[in-house]
Amino acid sequence: MLKLVLSSSYRGHCLNTVAPRLRVKPDSNSLFDAVGRLTGLTRRSPTNSLSRAFFCSDSNDGSGSGSGSQPVVEVEVKGVESNSDGSDSKASSAIVPTYPRPEDYLTVLALPLPHRPLFPGFYMPIYVKDPKLLAALQESRKRQAPYAGAFLLKDEPGTEPSPSSETEKSVYDIKGKELFNRLHEVGTLAQISSIQGDQVVLIGHRRLRITEMVSEDPLTVKVDHLKEKPYDKDDDVIKATSFEVISTLRDVLKTSSLWRDHVQTYSQHIGDFNFPRLADFGAAISGANKLQCQQVLEELDVHKRLQLTLELVKKEMEISKIQESIAKAIEEKISGEQRRYLLNEQLKAIKKELGLETDDKTALSAKFRERLEPNREKCPPHVLQVIEEELTKLQLLEASSSEFNVTRNYLDWLTVLPWGNYSDENFDVIQAQTILDEDHYGLADVKERILEFIAVGKLRGTSQGKIICLSGPPGVGKTSIGRSIARALNRKFFRFSVGGLSDVAEIKGHRRTYIGAMPGKMVQCLKNVGTENPLVLIDEIDKLGRGHAGDPASALLELLDPEQNANFLDHYLDVPIDLSKVLFVCTANVVDNIPNPLLDRMEVIAIAGYITDEKMHIARDYLEKTAREACGVKPEQVEVTDAALLGLIENYCREAGVRNLQKHIEKIYRKIALRLVREGSSNESVMVQPADAKAEVVDESDHHAAANKADVEVETSVQVDAVQTNDQPKDPKDAAGSRELQETEATKAVEKVVVDTTNLANFVGKPVFHAERIYDRTPVGVVMGLAWTAMGGSTLYIETTQVEQGEGKGALHLTGQLGDVMKESAQIAHTLARAILLEKEPANPYFANSKLHLHVPAGATPKDGPSAGCTMITSMLSLAMKKPVRKDLAMTGEVTLTRKILPIGGVKEKTIAAKRSEVRTIIFPAANRRDYDELAPNVTEGLDVHFVDDYSQIFSLAFEYDDNTMVN
């Protein structure tokens, strides 16, 4: 509590405040002077007399004894004469007196203020952009009438406040009557202090109210001078309110030096404080918005004005507290971080002096040397030289520099690589064969090549790297065989895919000058596997991209070249790396998409699709076992018949690979798992019922099963057998020992699910594929051909029919989305068929007078290639001779204008497709005999294959047969 003691008759008057006490000089003209003046407004000593005010605080009883230990604050208060209306007759003021007096000005120029109103006693610089208004102000100042009216501009209705620059621009666009209507009624008489260019400095003097407009340009208005309403200076409520305003202002003054400057400037220009001026001062220096300040300016009741000001300064005090707390928190955070940094540095220095810890650079160097030490003898000399140079460089760099981090990362990669470390390879051919057969069925070519690689390594005593490319349709096991090869060779395995890769840096690495630079994939591979002879599987090599960052296919030339990869140079490491011991296995679907220089460096092993017999073995021995374990189903709980697997392969999964077959088998076992869980839950719910409620429960279960019959289609169509599924041994020797336990668990019976052809559709839906064979026996003009696709082989029909016939109307129309090569084959076939028919039947002018339409079914599928040439000729001749071809006959081969049959590709795939369609007789070009001889016996079993090199042989096979034999 702050007490004010005056040396005059007001010594007992007290002022309650909580501000800390300060000693003020006797002639100080601060806000503390206002306290003395505000407490002596009714009774005062004569002019120029001095009264001394003492400020002291006492937290105990508020008495004026001043016995506390706090120092006394002296404030000198000058006497002020007061009129009855509360205004001072002799006030020390810096406002320049003018003649006539300010109250004599009843017509003034109106100045719009866009941001805040002008309060009496305060400066305000404004910019006047209107030339007429600026000239009028200058003229008024010359005529000894330096006064104008300053009025706050109202916001335009329906608009939000805009930035200051835009507001000022719009102010001076308003003129005349519109400007008059936009001005607040109450403003301030402002003395023009100075004019410099378009800047006018105003000093607020007294309140005005606009009565009417005199002229529009510049706007001149008539005004009335306003005075505060009479008030009682001794009113306790007014005094208490003013004291609270002063107390709050003093608290705010402690937090802002700018406010203290406002106090001194205001005292110098307006003179001594009184209640109205105190209210104006508080509102003017607050950060309130313009409407709140305008409300204080318009209020003529002193008590209400003080209350409005008190609200504003209280808000300002809260804002100051928040600002102070924010600043304190930030300062504490910064100080804490600085303190922690200093303590850490001192701790490092202490540990270093005691020999407990070395600095970062020494520790890093020791770590790198320790990591390199086991491989130092095997490390190439040029790499050791680079490492030593970089370690020396590291000691000379500052830890805070960017080059230090680059060098540290570079050393980290150099020392982590397995220089000279090789895994012990497996040279046991028998063991390798066993491992390969465990994981994959078939793939004889791939397995044979790996065994050859092992045999060569065993004879030489060491093995070299190779580059093998496995090509084939999706799902045939190209990627998975790579992991099996690594296991068979006892090598580390690393796989990365280059499908869509368009950045050379992924292969060769980035330059170390780039931020975030990293080595290429091969260096990362060596770091991960820890040996220099891993098996690296490069997947999807036929799908390499090419972008602005270079051509990755060209970058792979060095990596996959046996003559170059012994000194492979990564851009990041910038030292040669020996990759000659690495076994590269690449996979591709179509080798035609691989650039020729890259393809030339690889040994291509083609993996054709699986035939039905091979798929049956794979499904039974591999896929079914994996799916059963993944779904948690026991072997005794389910049985999938061979007929069901065969139906699944032929009607749902005709693809060359087995990936789709694996998905369907997993789907079957998931549905079986769901059924077993549902039955188990149902059995448990039945077993917990009381004995007398069993019949009722069974009835409810039956009713529930009947109600859900449509939802669970599998449950209604699956054949089941009740079997025991306890985990006790089923061997007869152990049966006696476990009989009692079996009896106690006899009620726990689980139904064995049997999947066969009758209920297969309930598990996997309706069949996707139907028989490729459209005709049991091909009609006239239709011949079966054989085609190769990326998904394997397939059969397709060539159909020819007559459109119209007439003299000289011979022509050929083609449909079926045929490519350019296939269209050319059709034209060749039409020419040859015409020539052959002329030889066989000279009197038959069919081709000369008939317009033909040749179509290849499955029109939505693009088709191209020359291998359908002989099939097209046979189809046209069949139509011309009105004789169908031999039953169960399929053919393929490119034909020339001289009737020669040229070799084709995809012999295995086409053979598999023919066998799948139950074709017994196949015609191949004679040059493809060697490809057919390499096929496995199970593929060629039951086939009658003819090899031809001239179309006359095909004509004999297709048309020269016994009709009675064909009918039978």
Side-chain angles (χ1 to χ4, degrees), residues 95-159 161-226 269 280 284 290-291 293-294 297-298:
I95 299 178
V96 180
T98 58
Y99 300 96
R101 296 177 302 169
E103 55 266 25
D104 295 335
Y105 288 91
L106 302 178
T107 301
V108 294
L109 293 168
L111 299 177
L113 304 178
H115 307 305
R116 287 177 67 88
L118 175 63
F119 282 91
F122 279 85
Y123 280 104
M124 177 178 286
I126 65 172
Y127 289 92
V128 179
K129 304 296 183 181
D130 187 355
K132 291 185 178 180
L133 181 57
L134 185 60
L137 292 175
Q138 292 173 342
E139 184 65 24
S140 298
R141 197 160 183 268
K142 290 179 182 178
R143 290 189 287 107
Q144 299 298 319
Y147 286 95
F151 302 93
L152 181 66
L153 190 69
K154 298 177 183 177
D155 290 332
E156 188 174 354
T159 60
S162 56
S164 58
S165 60
E166 297 181 6
T167 303
E168 291 180 1
K169 182 178 180 181
S170 61
V171 165
Y172 298 106
D173 292 338
I174 306 173
K175 300 291 180 62
K177 186 68 175 178
E178 184 183 359
L179 178 60
F180 178 77
N181 294 331
R182 289 279 302 277
L183 296 178
H184 280 274
E185 187 179 349
V186 178
T188 306
L189 180 67
Q191 180 178 333
I192 303 172
S193 176
S194 64
I195 300 177
Q196 296 181 356
D198 59 353
Q199 186 184 46
V200 179
V201 180
L202 305 177
I203 304 178
H205 198 281
R206 59 174 57 202
R207 286 168 170 79
L208 301 175
R209 173 178 281 114
I210 298 176
T211 57
E212 60 178 303
M213 183 174 66
V214 177
S215 62
E216 293 188 3
D217 196 12
L219 182 62
T220 307
V221 295
K222 285 187 178 181
V223 295
D224 287 341
H225 293 260
L226 303 179
H269 292 87
D280 289 346
K290 61 182 181 180
L291 295 181
C293 294
Q294 179 67 24
L297 184 66
E298 294 176 355

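The first residue in the sequence is number 1, and the count goes up from there.
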Reported [atom1]-to-[atom2] distance for the pair [X] and [Y], which is rounded to 0.5 angstrom:
X    : Y    : atom1 : atom2 : answer
Y147 : I192 : OH    : CD1   : 10.0 Å
F180 : E212 : CZ    : CD    : 8.0 Å
L111 : I126 : CG    : CD1   : 4.5 Å
M213 : K177 : CE    : NZ    : 5.0 Å

- List in chain and number order the residues that pass side chain to side chain donor-acceptor pair (under 3.5 Å) with E185, two or more places apart in sequence or in another chain; answer none if no residue qualifies. R209
Which residues satisfy the side chain to side chain contact (heavy atoms under 4.5 Å, CB included) test with [X], sequence neighbours excluded?
X    : result
T211 : K222, D224
Q294 : P117, L152, H184, V186, L297, E298
S215 : T220

- Query: Could you go step by step and tell me if L183 and L219 meet the side chain to side chain contact (heavy atoms under 4.5 Å, CB included) rule?
  - Reply: CA-CA 11 Å; L183 296 178; L219 182 62; 3.7 Å; yes
Write down the atom of [X], the atom of [Y], and the distance for their closest heavy-atom approach.
X    : Y    : answer
A136 : L109 : CB-CD1, 3.6 Å
V223 : L208 : CG2-CD2, 4.0 Å
P125 : Q199 : CB-NE2, 3.8 Å
A110 : P112 : O-CD, 3.8 Å
A284 : F119 : CB-CD1, 3.7 Å
L134 : G197 : CD2-O, 3.6 Å

- Query: Sub-3.5 Å donor-acceptor pair from the side chain of R141 to the main-chain atoms of P146, do we have one?
  - Reply: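 Side chain of R141 to backbone of P146: no pair is present.
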- Item | Side-chain donor/acceptor of T188 to backbone N/O of L118, under 3.5 Å |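 Checked: pair present.
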- Message: Checking R116 now: which residues fulfil salt bridge (charged side-chain N to carboxylate O under 4.0 Å, His left out) with it, not counting sequence neighbours?
- Response: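 Here no residue qualifies.
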- Sequence-distant partners of D198, salt bridge (charged side-chain N to carboxylate O under 4.0 Å, His left out), two or more places apart: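 With neighbours one apart ignored, the set is K129.
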- Would you say the side chain of L113 lies within less than 4.5 Å of the side chain of L153, judging by non-hydrogen atoms?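 Side chain of L153 against side chain of L113, heavy atoms only: no contact under 4.5 Å found.
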- Task: Apply the test side chain to side chain contact (heavy atoms under 4.5 Å, CB included) to residues V221 and T107: give CA-CA distance (whole Å), side-chain angles for both, the deciding distance (0.1 Å), then the verdict.
- Result: CA-CA 6 Å; V221 295; T107 301; over 6 Å; no
- When V108 is tested against each of L189, I210, V214 for side chain to side chain contact (heavy atoms under 4.5 Å, CB included), which residue passes? L189
